[in-house]
Amino acid sequence: MQPRLHKLLIPAWLRAWWPAVVWAGVIFTLSTDSFSSEHTATILSFFVKWLFPHLSEEQFHFIHHIIRKSAHFTEYFIFCILIYRGVRGDRKGWRWTWGIAALSVAAGYSIMDEIHQAFVVSRTASPYDSLLDSIGAFFAFAALWLWFRLRRPKSDSLPGQVSDPTSAPSL
């Protein structure tokens, strides 16, 4: 498909937002009973105990806890980046308002996700999980800022300097 035709068939807002919407669906799915601690422990114990057969039950529970909390951080790190992509759309670069909007939406969604978990029998809502989600989104916000700051085009000369070193400065 030709790029121009592709742009005519799929609106720019849809091209910008579909990854964030799909990822929000993934997060929602991970908040269901199927991904409760009991279910993930069953699946994860097979792999962890295969890799480390002499692992005690307490050690396994600690590893399981770390993996689940790392997933919270990672989910919302990715989510914030995808929301930034949606907010930015076809525009280029970094804007504080875009970054703050992405961070705010991700943090708000983490609160709604914990409220959703309060209504799932096998799950528990935790403000600490929401805080961890928001920290993951904040790290994405900071990573985006650094990415665009470090990739900013460097000017050949500083303000007030002449670009040609052989020419005399103007007064």
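Count residues from 1 along the sequence.
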Test side-chain contact (heavy atoms from CB on, under 4.5 Å) applied to His64 and Val48, step by step: CA-CA 9 Å; His64 183 236; Val48 172; over 6 Å; no

Is it true that Phe28 and Phe73 fall in one hydrophobic cluster, defined by side-chain heavy atoms closer than 4.5 Å? yes

How about Trp98 and Arg91: do any of their side-chain heavy atoms sit closer than 4.5 Å? yes

Flag yes if Ile43 and Trp50 sit in one hydrophobic cluster, no otherwise; membership is Ile, Leu, Val, Met, Phe, Trp, Tyr, and two members link when side-chain heavy atoms are under 4.5 Å apart. no

Where the side chain of Thr74 meets the backbone of Ala71, is there a donor-acceptor pair that is under 3.5 Å apart? no

Less than 4.5 Å apart, side chain to side chain, heavy atoms only: is that true for Gln59 and His54? no

With side chains defined as the heavy atoms from C-beta onward, is the minimum distance between Phe139 and Tyr76 less than 4.5 Å? no

Could you see if Ile81 belongs to whatever hydrophobic cluster contains Leu30? Use Ile, Leu, Val, Met, Phe, Trp, Tyr and a side-chain cutoff under 4.5 Å. yes

Between atom CD1 of Ile78 and atom SG of Cys80, what is the distance when rounded to the nearest 0.5 Å? 11.5 Å

Smallest heavy-atom separation, Arg88 atom then Gly93 atom, equals CD-O, 3.4 Å

Quick check: is Tyr109 connected to Ile115 through a chain of hydrophobic side chains (ILVMFWY, heavy atoms under 4.5 Å apart)? no

Is there side-chain contact between Leu103 and Ile83, with heavy atoms separated by less than 4.5 Å? no

Using 0.5 Å steps for rounding, measure from the CD1 atom of Ile111 to the NE2 atom of His116. 16.0 Å

Separation between CG (Leu55) and CD1 (Ile63), nearest 0.5 Å, reads 4.5 Å

Note, Tyr84 side chain near Phe79 side chain (heavy atom, < 4.5 Å): no

When rounded to the nearest 0.5 angstrom, what distance separates OG in Ser37 from CG in Leu44? 10.0 Å

For Ala16 and Pro19, which heavy atoms make the closest approach, and how far apart are they? O-CD, 3.8 Å

Does some side-chain heavy atom of Glu75 sit less than 4.5 Å from a side-chain heavy atom of Val26? no

Looking at side-chain heavy atoms only, is the closest gap between Val87 and Trp17 below 4.5 Å? yes

Would a distance-only check, ignoring hydrogens and angles, find a side-chain to backbone donor-acceptor pair under 3.5 Å from Ser130 to Ser126? no

Could you tell me the separation between the NE2 atom of His65 and the NZ atom of Lys69, rounded to the nearest 0.5 Å? 5.5 Å

Arg123 with Glu114: basic N within carboxylate O range, under 4.0 Å: no

Gap separating the CG atom of Leu144 from the CH2 atom of Trp94, nearest 0.5 angstrom: 6.0 Å

Thr32 vs Val120 side-chain heavy atoms within contact, under 4.5 Å: no

Would Trp96 end up clustered with Trp147 when hydrophobic side chains under 4.5 Å apart are linked, directly or stepwise? yes

